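Accompanying notes for the structure given below.
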Amino acid sequence: MLEPVGSLLWRSLRVYQVYGANTDVGKTVFTTILCKAANRIWRHGETSFLKPISTGPQDEADDRHIQTFAPGVNHETLVQYELAASPHIAALRSNKPIPSDETLLAKIHRAASHRAARGPGWLFVETAGGVHSPGPSGTTQADLYMPLRLPVVLIGDAKLGGISQTISAFESLKIRGYDVEAVLLFRDQLYKNHLYLADYFRGQHNIPVRSMSEPPKRDENPRTDQESMSQYYDATSRDNTASEILERLDRRHHERIARLESMSREAVNKIWYPFTQQKHLSPDRITVIDSARGDHFQTLAPPPPPPPRQASSPQHPPLLQPSFDGSASWWTQGLGHGNPSLALAAAYAAGRYGHVMFAEAVHEPALALAEALLRGARSGRLARAFFSDNGSTGAEVALKMGLRAARVRYGWAAGERIGVLGLRGGYHGDTIGAMDCAEPGTFNEKVEWYEGKGFWFDYPTVRCAGGRWAVCVPDELKGQLGDGRDHASLSDVFDVEGRERRGEGTEYERYIVNRLERLQAEGQKFGSLIVEPVVLGAGGMVLVDPLFQRTLVNVVRRSPHLFGSTVANEPVHESDWTGLPIIFDEVFTGIFRLGRFTASSFLGVDPDISVHAKLLTGGLVPLCATLASESIFRAFESDDKSDALLHGHSYTAHAVGCQVALQSLREMKRMDEGGDWGWAKRGWQGASSSGQRRDEMKSVVCSDGIADEASLVWSVWSPEFVEWISRQTALVDGVWALGSVLAIEMKSPDGGGYKSNAARDLQAALLRGDGTESSRRWNVHSRVLGNVLYTMASQKTTEDGVKRIEGLLKKAFAESAHVV
């Protein structure tokens with residue numbers, strides 16, 4: 001199992017990648033000049049040349065060229081194909097196994113690490129062909145090499161059409177997060193591309209463009225040809241242009257390191273962090289992130305411990321290490337950091353629209369996104385989409401919708417105090433109105449304007465403990481809800497209709513009705529039921545018994561007599577809301593976070609209003625959509641403009657966000673239908689109830705093309721691993737996994753809750769990380785919610801990636817003597 005690859009950054013080794021704007025633009029010629037000049041100027045260091053992929057006869061390979069014309073420069077080719085063709089074609093026609101992208105990156109990392117261990121100097125990594133020439137696997141080089149995030153020397157095209165080629169190549173690199181530090185090209189007296197490009201890059205990007213004379217024409221006499229080329233390289237490598245470029249590259253290398261190493265100190269003094277008591281914050285506790293790709297940040301690594309005295313050679317680990325994004329960047333990350341398709345979608349919309357106002361206007365990304373969301377929700381109720389900027393404001397929009405609909409239906413005056421129904425520990429955002437929907441707690445009780453408005457039910461929870469899936473009832477409710485019960489599998493817990501038929505929800509219903517009747521007798525008015533379906537996020541990653549939530553929704557819907565007069569404005573259509581408007585806050589749980597497009601599908605009930613954000617845009621830009629039924633929409637119809645939904649912000653339905661969200665939904669839909677998560681689903685099929693019908697496990701593709709598992713409940717975290725964690729009973733109270741989320745509840749001597757430190761040791765062990773050698777260190781950047789440590793994969797995390805994290809978690813537990 002390959003470990004993740006970190007960026008190639010060492011203090012004394014300057015590593016640069018040489019890209020070409022096209023084939024046959026002189027990449028190897030310019031690389032030879034730079035190598036030869038560096039070897040002459042930096043005599044205290046060593047210069048090296050690395051060619052990851054080479055095609056064509058071996059005696060014509062680029063490293064042979066370096067060997068011939070830059071003697072003293074170390075040279076190495078990692079993969080050589082005899083066929084002079086694009087690497088993906090050459091690889092297919094060779095008899096060699098085609099290396100995966102991960103294998104090739106690991107080889108590059110290993111070669112660079114060996115070079116760094118020899119001391120200071122230069123390493124030039126030369127690509128093959130153009131920026132988008134495919135590698136052996138078919139991935140274009142611009143995407144293939146992104147995890148290394150090497151600064152680039154771009155070789156421009158001096159030929160006819162070369163201006164366009166060079167600018168296009170630069171933009172392809174820029175949109176993928178590469179830093180282009182210099183542009184070099186030949187000086188052609190006919191087209192003079194170098195003059196235009198010098199003005200273009202200096203004026204718009206502050207990047208130097210330097211030109212050099214072309215090499216002499218090839219002589220038919222090999223000896224004469226070699227002599228003329230040697231003279232050319234001697235002259236150009238001693239030219240001021242070469243030394244000037246090297247001096248810039250050297251300066252930029254040291255500036256990058258100095259900035260990275262100063263960022264945490266500067267941040268402590270200049271940034272006000274969220275959810276952080278900064279009185280106790282020191283620079284060493286701040287994670288410096290240089291870049292991110294896929295599931296990993298590239299973070300500034302802590303200084304390595306001094307090597308043992310008997311060490312045969314000094315260790316030279318890179319300054320950056322890969323850190324698995326264990327919180328999915330506060331639950332937003334779904335399609336991998338630096339996803340090129342999302343970046344292109346953002347660039348397309350930015351170029352087409354920038355931002356355009358949305359009041360009484362429409363643009364294609366917004367309309368298409370509204371259609372895609374309503375279609376994907378597959379709801380018999382939801383019919384309208386309202387756009388805002390994030391989950392908290394989206395929840396406030398939902399509240400305005402629900403409260404207004406209830407007030408109009410029940411004829412309450414505008415000034416009457418109306419609360420909401422919810423669940424204890426539920427949390428819907430940090431803006432004032434959203435906070436008022438949550439009971440008093442750590443997040444809101446010290447906020448000056450907070451005034452909790454509502455009633456919050458206690459509820460049974462689900463966790464795996466001691467190898468059994470259990471529905472756990474709070475002690476204070478055991479007299480009303482029973483003692484809970486064990487289930488053979490997580491799928492059995494989510495068989496809500498079967499459990500309902502067996503009468504398991506009867507006690508839930510009795511408890512809910514009794515509580516609502518008491519609230520009515522007290523004269524309290526409620527305008528909506530708002531819940532996070534299945535999982536409460538900020539409240540501690542709590543997996544709520546889905547049967548309880550289903551029962552709660554159904555009781556509320558059939559009990560209008562408990563909330564207001566039923567004389568006027570009775571529902572007309574089957575899809576109209578009844579009782580109270582039901583709001584599902586799916587900001588965290590929706591869009592395949594738990595393995596399905598909507599979390600409401602687990603409950604078998606549709607909301608009247610639902611809120612979607614975070615994974616909506618795959619983790620790239622902020623955007624929120626609040627979906628509502630037509631009956632909710634009609635509550636705002638009036639001849640009086642002030643009766644409209646007066647909510648919005650300047651960037652409502654911003655085109656960039658909508659276009660990115662569309663691309664995100666398309667990609668996840670493709671993954672779902674294409675079986676990308678089949679490896680995880682198969683693992684949980686075996687863990688399902690033995691009595692479950694096989695035909696229920698098959699994929700069902702509906703008319704709108706959204707694939708769904710009829711009854712399968714699954715996670716990327718393997719059932720064997722979840723069970724193993726559950727048996728560490730000396731340390732763990734319980735664990736659950738669903739979709740991409742894993743939550744471990746640690747035993748807590750301090751009583752648990754948000755202020756607990758019980759999960760800190762496990763978090764620290766993940767941060768220490770792993771690595772079989774110092775040059776391949778990696779760790780997990782995670783968050784805790786009191787005594788609960790959670791980690792989540794992205795929707796693109798591979799089976800190997802999950803197993804790697806599971807192994808590190810097992811290692812962390814194994815460090816304790818309490819493991820069973």
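Nothing here was measured: the structure is a model prediction, and the numbers come from that model. The basis for the numbers below is simple: all heavy atoms, side chains too, and nothing from hydrogens, waters or symmetry mates.
Applying the side chain to side chain donor-acceptor pair (under 3.5 Å) test to Glu396 and every residue at least two apart in sequence or in another chain returns Thr431. Every side-chain contact (heavy atoms from CB on, under 4.5 Å) that Ser327 has, sequence neighbours left out, goes to Asp325, Arg783, Tyr790. Applying the salt bridge (charged side-chain N to carboxylate O under 4.0 Å, His left out) test to Asp676 and every residue at least two apart in sequence or in another chain returns Arg670. Remark: Arg352 pairs with no residue by the salt bridge (charged side-chain N to carboxylate O under 4.0 Å, His left out) rule, at least two apart or across chains.
Using modelled atom types, no side-chain atom of Ser528 and backbone atom of Ile530 make a donor-acceptor pair closer than 3.5 Å. The closest donor-acceptor contact from the side chain of Arg593 to the backbone of Val741 lies at 3.5 Å or more, if one exists at all. Distance alone, capped at 3.5 Å, is enough to place a donor-acceptor pair between the Asn444 side chain and the Gly441 backbone.
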Could you list the donor-acceptor pairs under 3.5 angstrom formed between side-chain atoms of residues 358-371 and any protein atom two or more places apart in sequence or on another chain?
residue	atom	partner	partner atom	Å
His363	ND1	Ala366	N	3.3
His363	NE2	Ala653	O	2.9

Which atom pairs, one a donor and one an acceptor, fall under 3.5 Å between side chains of residues 627-636 and the rest of the protein, sequence neighbours left out?
residue	atom	partner	partner atom	Å
Ser629	OG	Ser631	OG	3.1
Ser629	OG	Ile632	N	3.2
Glu630	OE1	Arg384	NE	3.1
Glu630	OE2	Arg384	NH2	2.9
Ser631	OG	Trp577	N	3.3
Arg634	NH2	Asp576	OD1	3.1
Arg634	NH2	Asp576	OD2	3.4

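Annotation: Tyr651, atom OH; neighbour count of heavy atoms from other residues, nucleotides and ligands within 6.0 Å does not exceed 12. Residue-environment remark: CG (Asp640) exceeds the threshold of 12 foreign heavy atoms within 6.0 Å. For Glu445, the CD atom sits in a packed shell: over 12 heavy atoms of surrounding residues, nucleotides or ligands are nearer than 6.0 Å.
For the pair Asp295 and Lys796, the salt-bridge criterion is not met [side-chain N within less than 4.0 Å of a carboxylate O]. Between Arg557 and Asp608 a salt bridge is recorded (basic side-chain N to carboxylate O distance below 4.0 Å).
Not less than 6.0 angstrom separates the ring centroid of Phe526 from the ring centroid of Phe563. Under the 6.0 Å cut-off for aromatic ring centres, Phe275 and Phe443 qualify, their centroids lying closer than that.
Taking 4.5 Å as the limit, some side-chain heavy atom of Leu665 sits within range of a side-chain heavy atom of Leu373. Using a 4.5 Å heavy-atom cutoff, the side chains of His647 and Phe386 are in contact.
A cation-pi arrangement is found for Arg596 relative to Phe602, the charged atom lying closer than 6.0 Å to the ring centre and inside a 45° cone about the ring normal.
Residues Trp331 and Gly537 come closest through the heavy atom pair CH2-C, 3.5 Å.
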